[in-house]
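To start, the structure itself, in structure tokens.
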There are 2 protein chains.
Amino acid sequence: MELNEAKQKFIEAWGKLGSEWGINRTMAQIHALLLISPDALTTEEIMETLSISRGNANMTLRDLIGWGLIEKQHRAGERKEYFYADKDTWNIARQVAKERRKRELDPVLKVLDEISKVEGDLKDPEFATFYKSVTDINKLAKNVDKTLDTMLKAEESWFWGSIFKMFK
Amino acid sequence: MELNEAKQKFIEAWGKLGSEWGINRTMAQIHALLLISPDALTTEEIMETLSISRGNANMTLRDLIGWGLIEKQHRAGERKEYFYADKDTWNIARQVAKERRKRELDPVLKVLDEISKVEGDLKDPEFATFYKSVTDINKLAKNVDKTLDTMLKAEESWFWGSIFKMFK
DNA sequence: TTAAACTTTCAATAATTAGTGAAAGTTTAT
DNA sequence: ATAAACTTTCACTAATTATTGAAAGTTTAA
């Protein structure tokens with residue numbers, strides 16, 4: 001396989017994975033493109049490489065900055081903005097985990113806590129089943145939350161080292 | 001809060017979370033409904049409770065069976081099919097992890113392995129950056145894969161116990 | 001100030017994904 | 001056989017989400 005073909009495949013695969021996980025395709029693709037670029041790229045270059053419009057490129061780049069995955073760079077004597085992706089995979093994973101926790105897990109935990117408060121008679125199967133499912137899910141969600149918390153603070157090698165002790 | 005209101009909120013929250021994670025809303029909602037139902041429900045009851053069409057209910061129920069999250073039940077002397085959800089949260093988490101790994105992680109690992117094979121000169125920054133990003137992501141993906149593997153085989157208490165040892 | 005270089009916005013449109021419901025298919029009881 | 005009870009399919013429509021591109025906005029340099 002040739003390098004440019006491989007790059008193309010990587011961008012496609014990353015875009016597809018992103019869309020299956022609720023991250024839009026363009027966002028994942030721009031991120032992929034920047035990940036494999038040694039230098040920062042301009043909006044123009046990104047538009048051209050991925051065949052997307054200026055508006056789309058601009059908005060998606062801002063989203064990526066919002067996710068903490070890329071940053072703007074300025075060059076002396078130039079007006080153009082250049083975009084550069086953090087290449088540290090562990091940082092990327094943490095950043096994504098952090099954002100999704102904030103946007104999705106936190107609100108769900110809030111709802112679960114709220115609806116866990118509903119009172120009723122455990123002799124009533126309707127109530128008992130509802131209550132058990134909700135509190136079980138709440139427990140699982142809290143465990144996930146705590147684990148993410150650890151992960152966010154952790155060094156990569158320590159984190160995976162600890163995980164792999166589980167295999168023994 | 002009253003029980004029916006709480007049920008409603010739970011179904012909504014589950015549906016919303018599902019759609020943010022690439023699982024369609026109806027699927028997550030039907031699953032939520034069955035999770036909090038003490039008894040198995042018919043297609044008819046599900047259609048009515050969630051105000052969805054027969055076609056949608058039928059297809060989604062089949063998908064849920066495909067995901068291993070619910071099962072059909074038959075009752076002596078009745079033609080109707082009843083649907084029942086596994087209420088064990090840990091089983092649910094494992095089932096979802098298993099399916100998504102099969103459908104999404106596995107294909108990505110395949111692509112990553114394939115494009116990792118591309119050869120080039122590490123002195124060339126274009127190649128070096130591409131190669132490093134791809135192999136780093138490949139390593140991370142493999143770690144996730146192994147961890148999922150452990151999770152799929154594990155008992156819930158053992159799994160979280162091991163995770164929480166990490167806090168010490 | 002003004003005009004060139006560049007970035008941002010947003011209404012309109014396209015693309016994708018989900019949902020409907022009537023018709024076709026299947027099973028069972030008589 | 002046949003008809004009632006039930007399930008499945010699928011062409012069509014609706015809803016949602018992503019993308020465009022032209023216009024408006026901003027910054028900089030002369």
Side-chain angles (χ1 to χ4, degrees), chain A residues 11-12 14-34 40-67 69-84 100 103-104, chain B residues 11-12 14-34 40-67 69-84 100 103-104:
Chain A
I11 291 169
E12 268 169 37
W14 215 234
K16 184 149 172 277
L17 186 67
S19 68
E20 284 163 339
W21 285 86
I23 285 158
N24 98 24
R25 212 181 74 251
T26 305
M27 184 161 157
Q29 285 185 344
I30 292 186
H31 186 229
L33 173 62
L34 291 174
L41 302 178
T42 61
T43 303
E44 213 74 34
E45 291 169 312
I46 292 165
M47 283 165 58
E48 181 152 339
T49 312
L50 302 178
S51 309
I52 58 173
S53 72
R54 183 172 302 285
N56 191 9
N58 179 267
M59 284 192 155
T60 306
L61 285 165
R62 287 201 293 107
D63 283 352
L64 280 165
I65 291 170
W67 277 68
L69 294 174
I70 67 174
E71 53 189 45
K72 281 188 188 177
Q73 272 186 357
H74 289 280
R75 291 186 187 181
E78 280 203 70
R79 296 275 312 274
K80 271 200 285 281
E81 291 176 327
Y82 287 77
F83 298 91
Y84 185 80
R100 299 205 77 151
R103 294 171 195 217
E104 293 144 27
Chain B
I11 290 169
E12 269 169 36
W14 215 232
K16 184 147 172 278
L17 187 67
S19 66
E20 283 162 340
W21 285 86
I23 286 159
N24 96 25
R25 214 180 74 250
T26 305
M27 186 161 153
Q29 286 185 342
I30 292 186
H31 187 227
L33 172 62
L34 290 174
L41 303 178
T42 62
T43 302
E44 212 75 35
E45 290 169 313
I46 292 165
M47 284 165 58
E48 180 152 341
T49 311
L50 302 177
S51 308
I52 59 172
S53 72
R54 182 172 303 283
N56 190 11
N58 179 267
M59 284 191 153
T60 306
L61 285 165
R62 286 201 292 110
D63 283 352
L64 281 166
I65 291 170
W67 277 69
L69 294 173
I70 67 172
E71 53 189 46
K72 280 188 187 177
Q73 273 187 358
H74 289 280
R75 293 190 185 177
E78 280 201 72
R79 297 274 312 272
K80 271 199 286 280
E81 291 176 328
Y82 287 78
F83 299 91
Y84 184 80
R100 299 205 77 152
R103 294 172 195 217
E104 293 144 28

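Labels below follow one simple rule: chain letters A, B, ... track the order of the sequence lines, proteins then strands, and each chain is numbered from 1.
- By the 4.5 Å heavy-atom criterion applied to side chains, L34(B) and I46(B) are counted as neighbours.
- Partner E81(A) forms a side-chain contact (heavy atoms from CB on, under 4.5 Å) with one of R75(A), Q73(A), K72(A) and no other, that one being K72(A).
- Note: CZ (R54(B)) to P (dT20(C)) measures 12 Å, nearest angstrom.
- Within 6.0 Å of CZ in R100(A) there are more than 12 heavy atoms belonging to other residues, nucleotides or ligands.
- Under the 4.5 Å side-chain criterion, counting only non-hydrogen atoms from C-beta, I11(A) is in contact with L50(A).
- Side-chain contact, E45(A) with T42(A): a donor N or O sits under 3.5 Å from an acceptor N or O.
- Taking only side-chain nitrogens and oxygens, N56(B) comes nearer than 4.0 Å to OP1 or OP2 of dT20(C).
- Here N58(A) does not reach the OP1 or OP2 of dT7(C): none of its side-chain N or O atoms lies under 4.0 Å away.
- The CG atom of L50(A) sits 16 Å away from the P atom of dA18(D) (whole-angstrom rounding).
- As a whole-Å value, the separation of L61(B) CG from dT8(D) P is 9 Å.
- At the phosphate of dT9(C), OP1 or OP2 sits under 4.0 Å from a side-chain N or O atom of R62(A).
- Only one option out of E71(A), M59(A), M27(A) pairs with L64(A) in a side-chain contact (heavy atoms from CB on, under 4.5 Å); it is M27(A).
- One interatomic measurement links the two molecules: CD1 of I46(A) to C1' of dT19(D), which rounds to 16 Å at whole-angstrom precision.
- Regarding D63(A), its CG atom lies at a distance of 15 Å from the C1' atom of dT7(C), rounded to whole Å.
- N24(A) comes within 4.0 angstrom of sugar-phosphate atoms only, judged by non-hydrogen atoms across all strands, and of no base.
- Nearer the 5' end of DNA chain C, as judged by each residue's closest nucleotide, is the contact made by E44(A), out of E44(A) and R25(A).
- Looking only at side-chain heavy atoms (C-beta outward), I52(A) and I30(A) come within less than 4.5 Å of each other.
- The interatomic distance linking M27(A) (CE) with dT17(D) (P) rounds to 16 Å, in whole Å.
- Each of G55(A) and T43(B) was matched to the nucleotide of DNA chain D holding its nearest heavy atom; the match closer to the 5' end belongs to T43(B).
- Contacts with DNA chain C (heavy atom under 4.0 Å) in residues 71-82 of chain B: R79(B), listed by number.
- In this structure, M59(B) places its CE atom 12 Å from P of dA18(C), rounding to the nearest Å.
- Side-chain contact check for Q29(B) versus T49(B): every heavy-atom pair is 4.5 Å or farther apart.
- Axis deviation across the helix from dT1(C)-dA30(D) to dT30(C)-dA1(D) amounts to 10°, comparing end segments of five pairs, rounded to 10 degrees.
- Residues F83(A) and T43(A) form a side-chain contact, since some pair of their non-hydrogen atoms from C-beta on lies under 4.5 Å apart.
- Rounded to an integer number of Å, the gap from K16(B) NZ to dA18(C) P is 17 Å.
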